[in-house]
Amino acid sequence: MAEKEIVLSGIRPTGNLHLGNYFGAVKNFIKMQHDTNAYFFIADYHSLTTHPTPGDLHGNVKQVLAEYLATGLDPELATIYVQSDLPETAELYLLLNMNAYIGELERTTSFKDKVRKQPENVNAGLLTYPVLMAADILIHKAKKVPVGKDQEQNLEMARKFAKRFNRIYNVEYFDEPIPYNFGEELVKVPGLDGSGKMGKSEGNGLYLIDDEKTIRKKVMKAKTDAGPTEPNSEKPQEIVNLFTLANIVSKPETVKFFNEAYSDCSIRYGDFKKQLAEDIVQFTMPIRERILSISADDAYLSKVVKMGAEKARESAVKTLKEVREIIGFRHF
Ligand code: TYM
């Protein structure tokens with residue numbers, strides 16, 4: 001039987017799951033878990049760059065795990081684990097760090113962003129973040145990585161480190177992992193504040209755990225302009241964002257209706273937002289209910305991560321053993 005393709009994705013447990021996480025990454029992962037060898041993990045080592053308290057760290061991991069399971073991630077199909085349950089990842093990270101150069105790490109967009117946004121906490125973990133991410137992927141020799149557009153550069157770094165390893169040791173060991181979105185453009189879900197991206201640290205998220213009232217309130221408050229005054233005029237960024245969200249959650253005929261209304265200047269943003277909020281609520285409410293019941297089930301959550309760690313360690317132990325041999329570590 002042909003070996004199933006290895007697919008991997010991950011999330012930092014630094015806040016609740018929002019629509020960006022879902023439509024950027026999880027949705028595609030869920031589609032792929034049926035016919036690939038799928039790994040999904042919670043990147044708790046990565047989250048240490050933001051210095052969570054010991055109490056928060058565990059609670060956050062548990063919450064994100066429950067939220068992912070509620071979206072349809074299936075522990076019988078995919079290997080679901082917590083990153084820190086796989087110490088092999090940390091060792092591969094150490095080994096890959098030896099061939100990652102300060103200059104290239106300093107030049108990554110996400111690092112430069114962090115330096116700008118949090119100058120008081122530019123730690124070495126932030127600098128080598130892409131190396132740890134490469135270790136996550138390469139430890140299972142994953143080929144496809146369903147992620148949103150924001151992770152494109154990190155994936156490019158992972159390919160670079162994989163290729164470099166092969167070149168230095170003159171082997172064809174690691175494949176180059178590719179960001180994967182079923183042949184379509186990688187998705188970037190916008191925020192409702194007129195900014196480019198919905199994100200946890202941006203504070204503009206629509207969360208799967210939000211109740212109905214909160215979602216309606218957030219959408220109704222979304223930034224808009226005074227409205228079009230000339231037929232067929234170009235949409236400003238905040239209106240493009242609303243349409244991008246509508247494209248993701250609403251029916252095509254709904255989007256068409258409001259697009260036409262925009263073009264002939266008859267659009268009423270209040271109606272558009274009401275409809276958008278309604279469509280988001282329809283989508284998120286069943287997930288929210290499942291989150292609430294799964295997060296109350298400690299026994300189930302603990303069973304899932306134990307099973308996941310065992311399965312994940314099989315491939316991780318194998319890869320690390322082979323990598324150590326390639327590098328030249330020998331037993332006496
Ligand atoms: P994180 O935790 O920021 O986000 C998790 C996933 O959600 C996607 N995403 C988005 N997609 C589209 N639009 C948005 N507004 C949006 N916001 C978030 C992200 O692309 C991501 O796929 N570094 C990763 C976690 C990670 C990882 C990995 C991912 C660590 N190791 C290995 C894949 C493979 C991160 O911080 O994602």
Side-chain angles (χ1 to χ4, degrees), residues 6-30 32 38-50 52 60-61 63-65 67-68 71 73 78-79 81-84 86 89-90 92-93 96 108-111 113-114 125-126 128-159 161-162 177-181 184-193 195-208 241 244-245 247-249 312 316:
I6 302 173
V7 164
L8 169 137
S9 203
I11 182 167
R12 267 171 311 141
T14 47
N16 297 92
L17 201 69
H18 55 64
L19 292 183
N21 300 134
Y22 183 83
F23 289 104
V26 186
K27 184 172 166 234
N28 289 322
F29 186 87
I30 289 172
M32 298 173 87
Y39 290 83
F40 195 92
F41 73 99
I42 297 174
D44 56 347
Y45 282 147
H46 272 117
S47 76
L48 298 184
T49 58
T50 57
N60 291 347
V61 170
Q63 180 62 22
V64 165
L65 175 67
E67 296 193 350
Y68 269 79
T71 62
L73 227 75
T79 302
Y81 65 97
V82 178
Q83 189 184 29
S84 64
L86 226 62
T89 305
L92 183 59
Y93 165 61
L96 293 174
T108 58
T109 323
S110 48
F111 180 71
D113 254 15
K114 295 284 181 211
L126 276 178
T128 56
Y129 190 104
V131 188
L132 181 53
M133 194 156 152
D136 293 326
I137 300 165
L138 300 178
I139 199 77
H140 302 299
K141 303 180 85 179
K143 296 204 167 111
K144 286 183 180 160
V145 187
V147 283
K149 191 158 179 57
D150 59 316
Q151 297 298 323
E152 213 171 13
Q153 192 178 33
N154 283 335
L155 262 290
E156 197 184 306
M157 302 288 282
R159 282 199 294 285
F161 298 138
I178 53 163
Y180 194 74
N181 193 23
E184 291 166 20
E185 283 247 321
L186 291 188
V187 175
K188 183 163 94 174
V189 179
L192 289 177
D193 51 356
S195 76
K197 180 188 142 186
M198 182 176 294
K200 289 168 241 184
S201 38
E202 283 77 358
N204 61 7
L206 286 165
Y207 296 96
L208 297 178
N241 288 353
T244 305
L245 266 175
N247 265 320
I248 292 172
V249 294

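Computed from a prediction, not measured in an experiment: that's the story for all the values here. Numbers for residues simply follow the sequence, beginning at 1. Numbering of ligands and ligand atoms starts at 1, following listing order.
Partners of Tyr129 according to the ring pair (Phe, Tyr, Trp, His ring centres under 6.0 Å) rule, which considers only residues two or more places apart in sequence or in another chain, are His46. Applying the ring pair (Phe, Tyr, Trp, His ring centres under 6.0 Å) test to Phe111 and every residue at least two apart in sequence or in another chain returns nothing.
In summary, the side chains of Gln153 and Thr109 do present a donor paired with an acceptor at a separation below 3.5 Å, with no hydrogens or angles considered.
Aromatic rings from His140 and Tyr81 are positioned such that their centres are separated by under 6.0 Å.
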Just the distances, no angles: every ligand 1 N or O to protein N or O pair closer than 3.5 Å, one line each.
| unit_1 | atom_1 | unit_2 | atom_2 | d |
| --- | --- | --- | --- | --- |
| ligand 1 | 2 (O) | Arg12 | N | 2.9 |
| ligand 1 | 2 (O) | Lys200 | NZ | 3.3 |
| ligand 1 | 3 (O) | Arg12 | NH2 | 2.7 |
| ligand 1 | 4 (O) | Asn21 | ND2 | 3.3 |
| ligand 1 | 7 (O) | Asn21 | ND2 | 3.0 |
| ligand 1 | 11 (N) | Gly20 | O | 3.1 |
| ligand 1 | 13 (N) | Val189 | N | 2.7 |
| ligand 1 | 15 (N) | Val189 | O | 2.8 |
| ligand 1 | 15 (N) | Met198 | N | 3.4 |
| ligand 1 | 15 (N) | Met198 | O | 2.8 |
| ligand 1 | 20 (O) | Gly148 | N | 2.8 |
| ligand 1 | 20 (O) | Asp150 | OD1 | 2.6 |
| ligand 1 | 23 (N) | Tyr129 | OH | 2.7 |
| ligand 1 | 23 (N) | Gln151 | OE1 | 3.3 |
| ligand 1 | 31 (N) | Asp136 | OD2 | 2.7 |
| ligand 1 | 36 (O) | Arg12 | NE | 2.7 |
| ligand 1 | 36 (O) | Arg12 | NH2 | 3.4 |
| ligand 1 | 36 (O) | Tyr129 | OH | 2.8 |

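Side chain of Asn204 to backbone of Leu192: no donor-acceptor contact under 3.5 angstrom is found.
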Donor-acceptor pairs under 3.5 Å, side chain of residues 22-30 to any protein atom, not counting sequence neighbours: which ones?
| unit_1 | atom_1 | unit_2 | atom_2 | d |
| --- | --- | --- | --- | --- |
| Asn28 | ND2 | Asn181 | OD1 | 2.4 |

